[in-house]
Amino acid sequence: MRTFNFTKMHGLGNNYIYVNMLEERLNEEQLPELARKVSNPYTGIGSDGMILICPSEIAPVKMRVFNNDGSEAKNCGNGLRCVAKYSYENGIVSDTSFEIETLGGLVTAEITEVDGIVKQVLVNMGKPRLKPSELPLLGFEKEVVSEPVVFGGSRLDMTAVSMGNPHAVFFIENIQDAPLTTLGPVIEKDPMFPEWVNAEFVEMVSEKEMHFRVWERGSGVTQACGTGACAAAVAAVLNGKAHRGDDITVHLAGGDLIINWTEAGDVLMTGPAETICTGTFFVND
Ligand SMILES: N[C@@H](CCC[C@H](N)C(=O)O)C(=O)O
């Protein structure tokens, strides 16, 4: 029987099975199925998906992300903080600041450690991409900021942001009313998003604070989404609800992230990363 070693980690409750591809060999064609298998809470380990920590030719390490439905995503904010923690604590990197390659581009991570244990990670996520073609999003030519769109019979004002992966952000009055499980899956697979989309609902508390809930593409409701929190902060600035250069506290179901869309144009994300357990997975074919 085939086996491989894994580490389960989470960023604010957004949990993935991490596999060190510098030590393990997994068959490329079987990755989507493996992601579904490990994620299954009854017959697998249980997770929001699977993340591979891979060798890179352009950075010390590369991250590949699979959602729990087996689809591959180009970026994952909570995953990046966990990959940074794993890489530092397992000697893949020795500097406290280093680059990570993603399918959505290169990012820089800066870790804060205490006695060799990484507590916080600041990731420079790069510049948000706002052209509809960059999500991709059909039917719009220019950037989409508070455009009225009908989903499942409900009219919502949508702001579209790519952080390497696609996000549709909606501002609502009360986060308790976020139509996560009703409209989330409808928005996710609307034909205007040929590669589907992550849907985020946001209640502004002040210009520097927001509540946030997410329906993730390929995984459904999760406790947190780092790229989604970045997209929400960018959307708040684009809608005149927050300011460039300010730290914005994003309250997610699993805890807080600090996001700053700097004057220079990059989006900075700061938050924790935690290890849950390690183990050996038995692949039952
Ligand atoms: N949880 C992630 C995002 C994971 C990928 C996403 N579901 C997608 O398909 O784009 C995060 O923390 O950013």
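Residue numbers start at 1 and run along the sequence shown. In each ligand, atom 1 is the first atom listed, and ligand 1 is the first ligand listed.
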- prompt: Would you call Asp266 and Lys127 a salt bridge, using N to O less than 4.0 angstrom?
  reply: yes
- prompt: Should the pair Glu274-Lys119 be classified as a salt bridge under the 4.0 Å nitrogen-to-oxygen rule?
  reply: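 Salt bridge absent between Glu274 and Lys119.
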Interfacing atoms of ligand 1 (cut-off 4.0 Å, heavy-atom, [X]):
X: Ala73; result: 5 (C), 8 (C), 9 (O), 10 (O)
X: Tyr16; result: 1 (N), 2 (C), 4 (C)
X: Asn78; result: 11 (C), 12 (O)
X: Asn75; result: 3 (C), 4 (C), 5 (C)
X: Gly226; result: 11 (C), 12 (O), 13 (O)

- prompt: Should the heavy atoms of other residues, nucleotides or ligands under 6.0 Å from CD of Glu141 be counted, would the total exceed 12?
  reply: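 Counting neighbours around CD of Glu141, 12 or fewer heavy atoms of other residues, nucleotides or ligands fall under 6.0 Å, so no.
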field: Ser219 touching ligand 1 at heavy-atom level, < 4.0 angstrom
entry: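 Under 4.0 Å: no for Ser219.
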- request: Could you establish whether Thr222 and ligand 1 come within less than 4.0 Å of each other, counting only heavy atoms on the residue side?
  value: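 No, Thr222 has no heavy atoms under 4.0 Å from ligand 1.
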Considering heavy atoms of the protein only, find what lies nearest to [atom] and give residue, atom and distance to 0.1 Å.
atom: atom 9 (O) of ligand 1; result: Arg217 NE, 2.8 Å
atom: atom 4 (C) of ligand 1; result: Glu216 OE1, 3.2 Å
atom: atom 13 (O) of ligand 1; result: Thr227 OG1, 2.6 Å
atom: atom 6 (C) of ligand 1; result: Asn198 OD1, 3.3 Å
atom: atom 2 (C) of ligand 1; result: Cys76 SG, 3.2 Å

- prompt: Given a cutoff of under 4.5 Å between side-chain heavy atoms of I, L, V, M, F, W and Y, with clusters grown through shared members, what are the other residues clustered with Val150?
  reply: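 Answer for Val150: none, a lone residue.
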- prompt: Under 6.0 Å between ring centres, would you say that holds for Phe170 and Phe201?
  reply: yes
query: What's the shortest heavy-atom distance between Thr227 and Asn165, and which atoms?
result: OG1-ND2, 3.2 Å
pair Val19-Ile53: side-chain heavy atoms closer than 4.5 Å: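 When only atoms from C-beta onward are counted, Ile53 and Val19 do not touch, as no gap falls below 4.5 Å.
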message: Taking the side chain as everything from C-beta on, heavy atoms only, tell me whether Gln30 gets closer than 4.5 Å to Val283.
response: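 No, side chains not in contact.
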query: What side chain to side chain donor-acceptor pair (under 3.5 Å) pairs are there with at least one residue in residues 195-205, not counting sequence neighbours?
result: His167-Glu200
- prompt: Which part of Asn67 is near ligand 1, with near meaning a heavy atom under 4.0 Å away: side chain, backbone, both or neither?
  reply: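 Looking at Asn67 and ligand 1, just side chain atoms fall under 4.0 Å.
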